[in-house]
Amino acid sequence: MCCGYAGQVGSGFTDTTLQELGALLKPLHQADSPIEETLQTAERHGVIWCAPKLVVEVAFGEWTPAGRLRFPTYQGLRNDKDPREVIREP
């Protein structure tokens, strides 16, 4: 199992970026969730689980009381980081 769920990033993508990320994520698809946390029904809607092999940088406003990112924006792929190195920033 990997880290926890922090929310959905819905902005910061170009059409090209979405195509590139889709191609990278497709071979990582898996049937089961890689996180231990059970997500609420609304958070699971339309989810496709992937193995945690990629790292992206996300800008955000703050953490919500529920532990989710507020106003997350995609900044780019981080090929210099291993997913096991990623920690939750305060």
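- Side-chain contact check for L24 versus L77: some heavy-atom pair is nearer than 4.5 Å.
- Between E37 and R68, at least one side-chain N (NZ, or NE/NH1/NH2) sits under 4.0 Å from a carboxylate O, which counts as a salt bridge.
- Residues P52 and P34 share a closest heavy-atom pair of CD-CB, 3.9 Å.
- Between V9 and F60, every side-chain heavy-atom pair lies at or beyond the 4.5 Å cut-off.
- In this structure, CG in L54 is found 15.0 Å from NZ in K81, a value given to the nearest 0.5 Å.
- Two residues are said to be in side-chain contact when any heavy atoms from C-beta on lie closer than 4.5 Å; T73 and Q75 meet this criterion.
- Here the CG atom belonging to D82 is positioned 8.5 Å from the NZ atom belonging to K53, to the nearest 0.5 angstrom.
- Counting only distance, with no hydrogens or angles, the side chain of E43 and the backbone of Q40 share a donor-acceptor pair below 3.5 Å.
- Rounded to the nearest 0.5 Å, atoms CG (L28) and CD1 (I48) are 12.0 Å apart.
- Shown here for P65 and R70, the closest heavy-atom pair between the two residues is CD-NH2, 4.1 Å.
- Taking the side chain as every heavy atom from C-beta outward, L69 and V58 approach each other to under 4.5 Å.
- Remark: D15 CG is loosely packed, at most 12 non-hydrogen atoms of other residues, nucleotides or ligands lying under 6.0 Å away.
- In this structure, the side chains of W49 and D32 stay at 4.5 Å or more apart for every pair of heavy atoms.
- No side-chain heavy atom of Y74 sits less than 4.5 Å from a side-chain heavy atom of E57.
- A 6.0 Å sphere centred on NE2 of H45 holds no more than 12 heavy atoms belonging to other residues, nucleotides or ligands.
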